[in-house]
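The structure appears right after this line, and notes come after that.
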Amino acid sequence: TESDMSTLDIRNLTRQKTVKFPFEAAHKHILPSSEVSLAFVGTARAQQMNKSLRNKDYIPNVLSYETGKKSGEILICLLEARKQAPSYDMSYTQFVGFLFIHGLLHLKGERHGATMEKQERALLKRFIN
């Protein structure tokens, strides 16, 4: 049936190169039967979306929000991710994957905290060898 469909739509709206990460596998594992749109965005769009969605003025590395009952969008700012990866002790590729997992967990209803961080690290290990 339609409702069992798990789809991931990935768009790169930047001139940056995206990373090799099993986005599909992570999506199916964390949020099966949901439609997720992943967009890689520049700093201006990331900041503008953060302002309109959360009333925050900084450039976020990741934003996720629901677009329906079983659908959502994840925006990842590649320039911010590249800049911040070292401070998280991760490579650029690992960090982009981590941000995607972070966004998926938010769409699933998880809140920031130790439990979510443990899940993120475990999931990242699972998808990056």
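One is the number of the first residue; the rest follow in order along the sequence. It should be emphasised that the depicted structure is a prediction, and the values quoted were computed from it without experimental measurement. Scope of the values below: all heavy atoms of this structure, side chains included, with no hydrogens, waters or symmetry mates.
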To the nearest 0.5 angstrom, please state how far the [atom1] atom of [X] sits from the [atom2] atom of [Y].
X	Y	atom1	atom2	value
K17	T93	NZ	OG1	9.5 Å
M116	L123	CE	CG	10.0 Å
S33	K28	OG	NZ	11.0 Å
E110	L104	CD	CG	11.5 Å
I74	D9	CD1	CG	12.0 Å
T14	F40	OG1	CZ	8.5 Å

(message) For N50 and D57: C-alpha separation, side-chain torsions, deciding distance, then whether side-chain contact (heavy atoms from CB on, under 4.5 Å) applies.
(response) CA-CA 7 Å; N50 203 19; D57 202 26; over 6 Å; no
How close do [X] and [Y] get, counting heavy atoms only, and between which atoms?
X	Y	value
A46	P60	O-CD, 3.5 Å
S6	P32	OG-CA, 4.2 Å
L38	F23	CD2-CD2, 3.7 Å
G103	S64	O-OG, 3.5 Å

(request) Show your working on salt bridge (charged side-chain N to carboxylate O under 4.0 Å, His left out) between E66 and K108 and close with a plain yes or no. (result) CA-CA 9 Å; E66 287 182 10; K108 192 179 175 181; over 6 Å; no
(request) Anything under 30° is parallel, anything over 60° is perpendicular, the rest tilted; go ahead and classify F95 against F98. (result) parallel
Applying a strict under-4.5 Å side-chain criterion to I, L, V, M, F, W and Y, I'd like to know whether [X] and [Y] cluster together.
X	Y	value
Y92	I59	no
L99	M49	no
L8	L75	no
L124	F100	yes
V41	I76	no

(message) Between E120 and K125, does any NZ, NE, NH1 or NH2 come within less than 4.0 Å of an OD or OE carboxylate oxygen?
(response) no
Do [X] and [Y] have side chains that get closer than 4.5 Å, going by heavy atoms?
X	Y	value
F127	H29	yes
Q119	L105	yes
R111	H106	yes

(message) So, applying side chain to side chain donor-acceptor pair (under 3.5 Å) with N61, which one of R82, E80, Q84, H102 is it?
(response) Q84
(request) Have a look at S34 and tell me which of K69, K70, H27 forms a side chain to side chain donor-acceptor pair (under 3.5 Å) with it. (result) H27
(message) Using the rule given for side-chain contact (heavy atoms from CB on, under 4.5 Å), can you reason through F21 versus V96, listing the C-alpha separation, both sets of side-chain angles and the distance that settles it, and then say yes or no?
(response) CA-CA 8 Å; F21 181 81; V96 170; 5.9 Å; no
(request) Would you tell me whether E73 and S37 have side-chain atoms, one donor and one acceptor, within less than 3.5 Å of each other? (result) yes
(message) Using a 6.0 Å cut-off, check whether atom CZ of R121 has over 12 heavy atoms from anything other than its own residue.
(response) no
(request) Report the C-alpha distance between V36 and T7 in whole Å, list the side-chain angles of each, state the deciding distance to 0.1 Å, and finish with yes or no for side-chain contact (heavy atoms from CB on, under 4.5 Å). (result) CA-CA 6 Å; V36 175; T7 60; over 6 Å; no
